[in-house]
Amino acid sequence: MVNEDRDGYDPSAVERKWQRLWEERGTNAFTLQELKSAKDPFYNLMMFPYPSAEGLHMGNIYAFTGADVHGRYQRLRGRAVFEPIGFDAFGIHSENFALKVGQNPMDLIPRNVENFTRQLKRIGGMFDWNHSVDTTDPAYYKWTQWVFVQLYNAGLAERKEAPVNWCPSCMTVLANEQVIAGACERCGTPVEQRRIAQWFFKITEYVERLLANLEHIDWSETTRKAQVNWIGRSEGARLSFPVLDDHGGETGTRIDVYTTRPDTVFGATYMVLAPEHPLVDEVTHEGLSAPVYAYREKARAKDLVERQKVDKTKTGVSTGAYCRNPATGEPIPIWIADYVLMGYGTGAIMAVPGHDQRDFEFAKQFDLPIHRVVAAPGVAADVPLEEAYVGPGALVNSGAFDGTDVSESVRVVTEWAAENGWGEAQVNYRLHDWCISRQRYWGPPIPIIYCDSCGPVAVPEGDLPVVLPRLENFKPDESGVSPLARLEEWYRTKCPSCGAQARRETDVSDTFLDSGWYFLRYPSTDFDDRPFDRELTKKWLPVDTYIGGNEHAVLHLLYSRFLTMVLHDLGHLDFEEPYDVFRAHGLIIAEGAKMSKSKGNVLLPDPIIEEFGADTLRTYLMFMGPFEEGGDYRHEGIQGPFGFLHRLWDSVNAALATGPDGPPDPDVERKVHQTIRQVTEQVPKLQYNTAIAALMECLNSVRAGGRTPVRAEVEPLVPLVAPFAPHVAEELWERLGHTRSIFDGASWPSFDPAKATESSVTIAIQVNGKLRASIEVAKGTTEAEVVAAARTDENVQRHLDGKQERKVIYVKERLVNFVVG
RNA sequence: GCCGGGGUGGCGAAACGGUAAACGCAGGGGACUUAAAAUCCCCCGGGUUCACUCCCUUCUGGGUUCAAAUCCCAGCCCCGGCACCA
């Protein structure tokens with residue numbers, strides 16, 4: 001190891017020293033009074049981790065370092081930066097791990113939190129440990145339950161029986177956002193549909209606002225787009241089809257469908273209900289026929305992964321019943337097929353095989369009629385279709401609407417349907433209400449009491465928290481009921497409103513409710529009588545910058561926006577968007593491959609910090625590639641930043657050792673000022689990799705030829721490096737004679753434009769766009785002089801020789817281009 | 001299929017429409033040293049040449065422009081999200 005030289009840079013000694021001093025001096029922690037009186041507050045937030053038993057992984061460290069660099073930069077600029085961290089410690093992940101190792105999460109989690117805290121301190125984050133949160137602490141989840149009660153009282157929390165996603169491995173229901181391509185996001189098991197009574201938050205009531213605000217909030221584009229896609233707004237119409245009896249008369253029942261192409265209704269040759277559709281029983285009025293019954297049972301048993309495979313052959317069964325196409329007046333058969341999903345639209349479609357590929361395939365499969373009702377220009381109305389046609393054109397075979405261009409046909413046909421009472425324009429969304437019930441143990445109990453006479457009653461605020469009891473057998477089961485239902489002495493209680501015997505809700509809430517409001521809690525952790533203090537919230541929120549992973553684009557980031565809007569509407573907050581700026585960081589991979597346990601290429605931070613120090617690790621992570629795009633961790637590459645910090649250390653110490661300070665070399669001084677300018681521009685934009693490259697370049701100039709720098713040449717570099725390598729910067733700052741922390745007192749250097757200006761510039765000389773020479777001229781040389789000088793170049797002359805000069809392009813301080821022909 | 005983001009040396013990557021490859025890793029050569037480490041200097045896309053030079057090179061093919069990695073059109077490939085969404 002190279003750290004043994006007595007005067008040399010010893011990262012672990014420097015880091016231990018400063019981590020201890022920061023803690024002792026409270027450098028990074030606010031007191032309540034400081035939070036209240038802070039001038040120029042800056043709330044720097046990063047996504048809090050869940051404390052796994054494995055400890056922090058490199059992805060966490062990458063994200064936290066990038067966010068910490070941002071916070072430290074703002075602080076070096078003189079802002080009062082609040083940078084809290086906490087633990088998202090409830091949830092299935094922690095619980096599953098506890099089950100695996102056969103311990104109680106109540107014992108396990110504190111140990112994991114302790115380990116995480118140690119690791120977080122070790123990487124040198126500027127965390128305010130006075131204001132940490134742990135979602136499993138009753139003092140925290142008391143207010144999570146309070147949030148639930150606010151929504152309940154506002155009519156935004158509703159218990160209803162609905163088809164929900166059931167993970168047979170996790171043995172709990174999941175929100176739609178937690179189902180990835182039909183499988184549980186946690187364990188990958190295909191989810192099943194179950195009908196159980198669950199608590200839902202009515203996020204769909206906020207859908208238009210959630211969507212509209214996305215237009216103007218300053219977020220990473222990828223995240224913004226992911227939310228837009230997830231919300232999935234589409235415009236179309238709801239059309240109503242009367243069901244017919246055996247004699248062709250109307251039964252009075254109507255089947256509503258949602259379609260984005262109401263203009264193709266003349267081509268609707270059959271109708272399809274989802275197998276779960278409530279009208280399936282009714283339309284097969286003779287009672288469920290055997291084939292219908294069998295098909296429905298089969299579809300129900302199928303998991304969503306299997307069912308949603310696009311490439312499989314379509315299946316379905318005819319009900320034998322008919323309804324009337326309201327446009328043509330013709331009877332059309334009603335089918336059941338699992339390609340229609342109960343969870344979207346009305347769970348029923350009008351099938352237009354001529355102009356929808358899925359309907360086309362189904363019609364071919366079951367020999368149903370295919371009618372063309374749209375024709376491209378120049379295509380006759382009777383040309384048969386080989387596949388569904390969805391392109392431009394005009395309506396055909398559509399009665400009075402023949403010839404209507406598709407650009408206006410949706411509107412025209414919808415109006416006609418509305419006039420005749422069988423349709424209306426409708427907007428539809430993919431977003432569903434947020435199912436927050438979980439039939440598991442490790443979460444905050446939902447604060448509801450069921451009373452036979454009063455129904456569900458919210459636990460009064462004074463009775464919160466409803467404490468999660470210690471439960472030795474917390475293993476979930478198939479029943480769809482939480483393990484808490486095994487603890488009778490816990491769930492038996494009195495009705496808060498009438499005092500009768502009553503029963504607590506035994507489900508716990510989704511972890512995403514814990515994390516949906518945590519940023520509101522951080523500044524107010526000094527208060528135990530309110531979730532968030534009005535004055536502090538006004539001062540510190542909304543969050544100035546939020547940095548985190550895009551994997552939460554439609555989970556946490558959507559839910560927290562929703563909850564913030566609700567709390568705003570209920571008068572608790574005076575803003576409705578929680579984060580002024582959100583930036584998604586990239587993903588890091590190792591040696592060109594995704595890190596995974598099975599590949600055995602998971603990087604552990606501790607040994608790397610041991611060998612090179614946290615400063616080097618931080619600097620390297622930020623140097624690997626653009627922070628918002630991620631990077632490839634190559635073990636050999638860490639040598640670059642490691643050597644850089646060593647050379648910085650040597651240079652500052654050498655400058656200090658030479659005694660009286662001389663004047664800076666003019667060329668070096670210019671480079672230093674150019675570097676200050678570049679780093680100041682790039683760091684706030686999270687362009688860390690190029691900022692570090694500029695610092696390296698600058699240090700190379702400072703040390704060129706092995707010269708000994710003077711203090712004025714190296715001192716400004718120390719704060720520029722400080723966001724990346726805070727410990728070594730703090731140590732060098734102290735050695736430079738400063739008595740305050742580098743992070744106090746706005747240490748960031750300012751650049752002098754005059755000193756950053758070059759006295760001469762290099763001009764590229766092109767002939768016909770090809771580089772033929774480059775010349776050095778004094779700044780301020782006129783165009784005529786530059787062009788004249790360019791002409792005298794031997795190589796340029798050779799290329800101009802004998803050719804006719806047509807034009808000369810001159811770009812100030814950049815190039816001359818002779819166009820010859 | 002739809003929506004994002006990408007494709008540049010051996011590798012990680014730079015580059016307001018204006019000298020492609022900054023910075024770093026790896027590699028080669030040299031200085032200092034008894035030696036090693038550290039440090040400093042030089043070379044480092046391909047071809048051509050003794051050299052000067054010249055030609056080629058930013059996924060492919062077209063286009064705009066005095067000038068394109070960058071802008072436009074068409075296509076291919078990789079990564080991420082959504083997906084029988086009607």
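Below, chains carry the letters A, B, ... as their sequence lines are ordered, and counting in each starts from 1. Predicted model, so just to flag it, every value in this text is computed and none were measured. Atom set for the values below is all heavy atoms of this structure, side chains included, hydrogens, waters and symmetry mates excluded.
- With rounding to whole Å, A:Arg233 atom CZ is found 20 Å from B:A83 atom P.
- With rounding to the nearest 0.5 Å, the separation of CD in A:Gln426 from CZ in A:Arg238 is 4.5 Å.
- In this structure, a donor-acceptor pair under 3.5 Å is absent between the side chains of A:Thr65 and A:Arg618.
- For B:C41, neither phosphate oxygen OP1 nor OP2 lies less than 4.0 angstrom from any side-chain nitrogen or oxygen of A:Arg707.
- Atom CD1 in A:Ile589 sits roughly 12 Å away from atom C1' in B:G6 (whole-Å rounding).
- The salt bridge (Lys or Arg N to Asp or Glu O under 4.0 Å) contacts involving residues 789-801 of chain A comprise A:Arg791-A:Glu805, where partners must be two or more places apart or lie in separate chains.
- A:His799 comes within 4.0 angstrom of sugar-phosphate atoms only, judged by non-hydrogen atoms across all strands, and of no base.
- Here A:Glu235 pairs with A:Arg233 under the salt bridge (charged side-chain N to carboxylate O under 4.0 Å, His left out) rule; sequence neighbours left out.
- Look at the C1' atom in both B:C23 and B:A14: the space between them is 7 Å, to the nearest Å.
- If you measure from atom CD of A:Gln227 to atom P of B:G4, you get 16 Å, rounded to the nearest angstrom.
- Here A:Arg224 lies out of heavy-atom contact (under 4.0 Å) with every strand.
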* Structure fact -> The contact string for nucleotides 15-28 of chain B, one letter per nucleotide 5' to 3', using protein heavy atoms under 4.0 Å with B, S and - for base, sugar-phosphate only and none, comes out as -B-BB--BBSS---
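- Taking A:Arg707 as the reference, A:Glu713 meet the salt bridge (charged side-chain N to carboxylate O under 4.0 Å, His left out) condition, with sequence neighbours excluded.
- A:Gln426 places its CD atom 12 Å from the C1' atom of B:A86, with the value rounded to the nearest Å.
- Using C1' as the reference atom, B:A68 and B:A20 are 11 Å apart when rounded to the nearest Å.
- The phosphate of B:A86 has neither OP1 nor OP2 within less than 4.0 Å of any side-chain N or O from A:Lys314.
- When the side-chain nitrogen and oxygen atoms of A:Arg430 are compared with OP1 and OP2 of B:A83, one or more of them lie within a distance under 4.0 Å.
- Separating the C1' atom of B:A13 from that of B:A22 is a span of 10 Å, rounded to the nearest Å.
- Only the P atoms considered, B:A38 is 10 Å distant from B:A26, to the nearest whole Å.
- Listed nucleotides: B:C82, B:C55, B:C84. Nearest to the side chain of A:Leu341: B:C84.
- At B:G5, none of the side-chain N or O atoms of A:Asn550 fall inside 4.0 Å of OP1 or OP2 (strictly under the cut-off).
- Across all strands, A:Arg238 comes closer than 4.0 Å to no nucleic acid atom at all (heavy-atom distances).
- As rounded to the nearest Å, B:C85 and B:C3 have C1' atoms that lie 14 Å from one another.
- A donor-acceptor pair under 3.5 Å links the side-chain atoms of A:His355 to the main chain of A:Val374, judged by distance alone.
- Put simply, A:Arg634 has no side-chain N or O that comes within less than 4.0 Å of OP1 or OP2 on B:A13.
- Comparing the same atom, P, in B:U65 and in B:C2 gives a spacing of 32 Å after rounding to whole Å.
- In this structure, CD of A:Glu361 is placed 14 Å from P of B:C84, rounded to the nearest angstrom.
- Heavy atoms of A:Asn795 sit under 4.0 angstrom from primed sugar atoms or phosphate atoms, though from no base atom.
- In this structure, A:Gly232 reaches neither bases nor backbone, as no heavy-atom distance under 4.0 Å exists between it and the strands shown.
- Atom pair A:His646:NE2 and B:A37:P shows a separation of 15 Å (rounding to whole Å applied).
- For A:Arg561 and A:Trp230, the positive end is not near the middle of the six-membered ring at less than 6.0 Å and at most 45° from its axis.
- Regarding contacts with the backbone of B:C66, a side-chain N or O of A:Lys807 is found under 4.0 angstrom from either OP1 or OP2.
- Distance A:Leu587 CG to B:G4 C1': 14 Å, rounded to the nearest Å.
- With sequence neighbours left out, the salt bridge (charged side-chain N to carboxylate O under 4.0 Å, His left out) criterion links A:Arg358 to A:Asp356.
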Could you go through nucleotides 70-74 of chain B and list every protein N or O atom that sits under 3.5 Å from one of its N or O atoms, giving the distance for each pair?
none

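- The closest donor-acceptor contact from the side chain of A:His585 to the backbone of A:Arg583 lies at 3.5 Å or more, if one exists at all.
- A:Ser234 and A:Asn428 are not linked by any side-chain donor-acceptor pair at a separation below 3.5 angstrom, with hydrogens and angles left out of the test.
- Within the 4.0 Å cut-off from OP1 or OP2 of B:A86, at least one side-chain nitrogen or oxygen of A:Tyr344 is found.
- Classified by interplanar angle (parallel below 30°, tilted 30° to 60°, perpendicular above 60°), the ring pair A:Tyr620/A:Tyr633 is perpendicular.
- Anti is the conformation of B:G80, whose glycosidic angle sits further than 90° from 0.
- Going from the P atom of B:U48 to that of B:C40 covers 35 Å, rounded to whole Å.
- Counting non-hydrogen atoms under 4.0 angstrom, A:Val554 reaches nothing in the nucleic acid.
- A:Lys594 comes within contact range of the sugar-phosphate backbone alone, with a heavy-atom separation under 4.0 Å but no base atom that close.
- Shortest non-hydrogen contact noted between A:Cys698 and A:Thr675 is CB-OG1, 3.2 Å.
- We find that CD1 of A:Ile588 is positioned 12 Å from P of B:A13, with the value rounded to whole Å.
- Taking atom P on both nucleotides, B:G24 is separated from B:G45 by 16 Å, rounded to a whole Å.
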